[in-house]
Peer 1: 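One structure is given below, represented as structure tokens, and several questions about it will come after.
First the proteins, then the strands, lettered A, B, ... as listed; each starts at 1. Everything numeric here is computed off the predicted structure, so don't read it as measured data.
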Amino acid sequence: MASIFQGVGAATSLSSSTSIETKKFHFCSRRSPSERKACFVVVRSGGVMVDGGLNRIGGRAEQLVTNAVAAKADTPAAATASKPGHELLLFEALREGLEEEMERDARVCVMGEDVGHYGGSYKVTRGLAQKYGDLRVLDTPIAENSFTGMGIGAAMMGLRPIIEGMNMGFLLLAFNQISNNCGMLHYTSGGQFKIPVVIRGPGGVGRQLGAEHSQRLESYFQSIPGIQMVACSTPYNAKGLMKAAIRSDNPVILFEHVLLYNLKERIPDEEYVLNLEEAEMVRPGEHVTILTYSRMRYHVMQAAKTLVNKGYDPEVIDIRSLKPFDLYTIGNSIKKTHRVLIVEECMRTGGIGASLTAAITENFHDYLDAPIVCLSSQDVPTPYAGTLEEWTVVQPPQIVAAVEQLCR
Amino acid sequence: MGFARVIHPHTLPLLADTRANPIATPSLFLGSTRTLRHTLTHTRSISSAQRRSVVAAKVSDVKLKPTTNLLVTKEEGLEVYEDMILGRVFEDMCAQMYYRGKMFGFVHLYNGQEAVSSGFIKLLKKEDSVVSTYRDHVHALSKGVPARAVMSELFGKTTGCCRGQGGSMHMFSAEHNVLGGFAFIGEGIPVATGAAFTSKYKREVLKEADCDHVTLAFFGDGTANNGQFFECLNMAALWKLPIIFVVENNLWAIGMSHLRATSDPEIWKKGPAFGMPGVHVDGMDVLKVREVAKEAIGRARRGEGPTLVECETYRFRGHSLADPDELRDPDEKARYAARDPITQFKKYLIENKLASEAELKAIEKKIDEVVEDSVEFADESPAPSRSQLLENVFADPRGFGIGPDGRYRCEDPKFTEGTAQV
């Protein structure tokens, strides 16, 4: 249903962006021993590698030898000849990640409304029920609280369910199970039971979907102890985060965005898994750190074009991990630029931006030359009218103005 | 499609038979002046021995029990008796310990309901699962969790079954498949449904052909008005999950009488509405409960789907140790006290020559020692140290994230000691 995001002309810009295709560095995390043993690439950061030594964790980047990837980096000539990887849309990337994990581990199963025969309301699970059967890709009745709880019970007994909320907003009905059982049972059982569920679904403000279908639940869920939250924004990180979330033994909430499902990008053929806890460097810069996630990344990048024309050099980081925050990537950026702008789609009050502001103030106060600016959506139920809806969320001109103000 | 039937050939007659048991008159059962109307329809002929004790809508073609004299062997009888005594003595000790300041918070005791726990859980295998509510001590004990582990948990010690992190309302045991312990009513039922789902998944997707594990979900009359209950009845019947929904109807949800809260107080009827059998049983009689349980568990194991069992029972104490229990009619309490399941069963064992007074006394003495020992053990166990605070929040502690210094927080020794700033 979502159209290609028009602001950035994403279909073309992503696939031709050199920053994502050719300059990717893949190296092995020394923090993921289990992943190192497997014969695939663990990508420490899905974005551009910064020259000038933005060291990754611990400063030691070990390059894992895998065929095409190393070749890509070493032989730029080959890269232009026949482009490696394959092109697909974001929802297809999610499906690819999901299917690979289901193939790999028979305990991985999907449950949700219309995920089976219908293929998912955003087609993320299309074809899977036909391939894996009705029990493994389970069409549930409309009972979010109960089927989320069912997924949690199944996870306690050894399965690895992916629970889909047809729209993230519907998961408000599952709040009891998500807060009490998903987040808490590992702790209250003294570590006896783990809950390796992935709760995923589309959220965010769409195109005139009305207030209830335009919710940003990340702000409501962020306080729940015991869960992790990630937000995907590109086909590349969507697949990588989906796989990482499924493999994680923690309960992970994966936030997708209704308007980003038709983004097109070329992603690697070989298998890769991203780190759930890491942020992604989208565009390195010197003047200001812009922290964002999900759809707002594209508003920020559009504003970045304008800013570059005006002579600014913004550093854009897609925080990806909404809980916990990657304070290392964020901190290194702040130590360099000394100015922070947060651009988010959550509402002003109690959003991810509010928590991020607090975390940055606590940890990096000394490095700031100016107060943190946080641009969020208005504290308003998203109106239906197109004009009003546009004014609810942050638009690129506002971002430009904020940066200009910040860098004065 | 659904049917409701209770078999109890030789024990005390059920509700409808008011000749032998005046206590079972409808108005008294419901604890108020509301009368209960039964429609007795026999759609097939049954032997006269069973006729007097059937309350049914429709009777299925399930084979009726052959006429055996006794419902339990001596071994089984003693096992069940010991379990019921353990439940009673343990809960009494909890009350003592609570008033002595050894345990805190909300403690909900099970006195009076032992027949339900022992009647059902003693029929389970270790791999079967039990899901309970906050009134979960005795379910855990019946399932096999050692009294020491439960008492320590109640004292908040690190040797408790949940390392002291759960408390009275969150008893878990991975070893014995006790899946909780839930504080909010109703929220355990979907978890139980998930466990049953896993059993079916293991058999049909993972091809573990002999997986016939069943799940018991225990909850109360108040929960039977909750959405999660109905949602799970639907899903369990829809997918024929191996689960038994056991309603411990003790007529009271704290101070709310079941009748004041429920449009149709006969909870067993809600089963057939969703396509599963609904059964009502006298929950003060452990043998009756056991018969119904055998039937329901057998159904589930054979893949025939879920059953809803409503056990009429009663809690002798208040809702919790903080409840002054002023609303319930003393006559009602007296009536149910006269039907104490332990006294009834003891009488049955002795009258049917399954056990002697001496043997039963020996069991009681043994249990006294077990419970005393559990208190001693709990007393002597250490309280959790500071370093335990952040353990078990995540199964994978990388979930705490990456700190400003670039290392995962969980790798910082100060963090695991609980002294680092989070």
Peer 1: Quick check for you: among A/Leu276, A/Ile152, A/Ile227, which has the greatest number of heavy-atom pairs under 4.5 Å with chain B?
Peer 2: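 Most heavy-atom pairs within the cutoff with chain B belong to A/Ile227.
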Peer 1: Could you tell me which of A/Ser189, A/Gly331, A/Gly151 has the largest number of non-hydrogen atom pairs under 4.5 Å with chain B?
Peer 2: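 Result: the option with the highest number of such pairs is A/Ser189.
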Peer 1: Taking heavy atoms only and a threshold strictly under 4.5 Å, list by residue number the residues of residues 128-136 of chain A that touch chain B; give 'none' if the list is empty.
Peer 2: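 The residues closer than 4.5 Å to chain B, in numerical order, are A/Leu135, A/Arg136.
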Peer 1: What part of A/Met111 lies closer than 4.5 angstrom to a heavy atom of chain B: side chain, backbone, both or neither?
Peer 2: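 Contact with chain B: side chain only.
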Peer 1: In terms of heavy-atom proximity below 4.5 Å to chain A, should B/Val131 be classed as side chain, backbone, both, or neither?
Peer 2: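 For B/Val131, no heavy atom lies under 4.5 Å from chain A.
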Peer 1: So which bits of residues 222-231 of chain B come within less than 4.5 Å of chain A, counting non-hydrogen atoms only?
Peer 2: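 Against chain A, the residues of residues 222-231 of chain B that fall inside the cut-off (heavy atoms, under 4.5 Å) are B/Gln228, B/Glu231.
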Peer 1: Go through it in stages, so that I can follow the logic: the residues are A/Asn181 and B/Glu187, the test is side chain to side chain contact (heavy atoms under 4.5 Å, CB included), and I'd like the CA-CA distance, side-chain angles, deciding distance and then a yes or no.
Peer 2: CA-CA 8 Å; A/Asn181 290 348; B/Glu187 69 180 354; 3.9 Å; yes
Peer 1: How far does CE of A/Met150 sit from CZ of B/Phe197, to the nearest 0.5 angstrom?
Peer 2: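 Rounded to the nearest 0.5 Å, the CE-CZ separation comes out at 5.0 Å.
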Peer 1: Heavy-atom pairs under 4.5 Å with chain B - which of A/Ile195, A/Asn176, A/Thr148 has more of them than the others?
Peer 2: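 Most heavy-atom pairs under 4.5 Å with chain B: A/Asn176.
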Peer 1: Which residues pass the side chain to side chain donor-acceptor pair (under 3.5 Å) test with A/Ser355, sequence neighbours left out?
Peer 2: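 Testing A/Ser355 for side chain to side chain donor-acceptor pair (under 3.5 Å), a comparison that skips the adjacent residues, returns A/Gln222.
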Peer 1: Contact part of B/Leu179 toward chain A, heavy-atom cut-off under 4.5 Å: side chain, backbone, both or neither?
Peer 2: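 For B/Leu179, heavy atoms of backbone and side chain both lie under 4.5 Å from chain A.
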Peer 1: Partners of B/Arg148 by side chain to side chain donor-acceptor pair (under 3.5 Å), sequence neighbours excluded?
Peer 2: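 Testing B/Arg148 for side chain to side chain donor-acceptor pair (under 3.5 Å), a comparison that skips the adjacent residues, returns B/Asp373.
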Peer 1: Compare every heavy atom of A/Gly190 with every heavy atom of B/Arg163, then report the nearest pair and how far apart it is.
Peer 2: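 Smallest heavy-atom distance, with atoms named: CD-O, 3.3 Å.
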Peer 1: Need one label for B/Lys202: side chain, backbone, both or neither, based on atoms under 4.5 Å from any heavy atom in chain A.
Peer 2: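 Side chain only.
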Peer 1: Restricting to non-hydrogen atoms, name the atom on A/Glu277 and the atom on B/Ile402 that form the minimum distance, rounded to 0.1 Å.
Peer 2: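 So the two residues come closest at O-CD1, 3.7 Å.
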Peer 1: Which heavy-atom pair separates A/Ala106 from B/Tyr201 by the least distance, and what is that distance?
Peer 2: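 Closest heavy-atom pair between A/Ala106 and B/Tyr201: O-OH, 2.7 Å.
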Peer 1: Do you know which two heavy atoms are closest between A/Gly191 and B/Asn392, and how far apart they sit?
Peer 2: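 Looking at all heavy atoms of both residues, the closest pair is CA-ND2, 3.5 Å.
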Peer 1: Examine whether an atom of A/Thr140 lies under 4.5 Å from a heavy atom of chain B, and if so say whether it belongs to the side chain, the backbone or both; otherwise answer neither.
Peer 2: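 A/Thr140 touches chain B through backbone and side-chain heavy atoms alike.
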Peer 1: Please state whether the side chain, the backbone, both or neither of B/Ser129 comes within less than 4.5 Å of a heavy atom of chain A.
Peer 2: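 Answer is side chain: those atoms of B/Ser129 sit under 4.5 Å from chain A.
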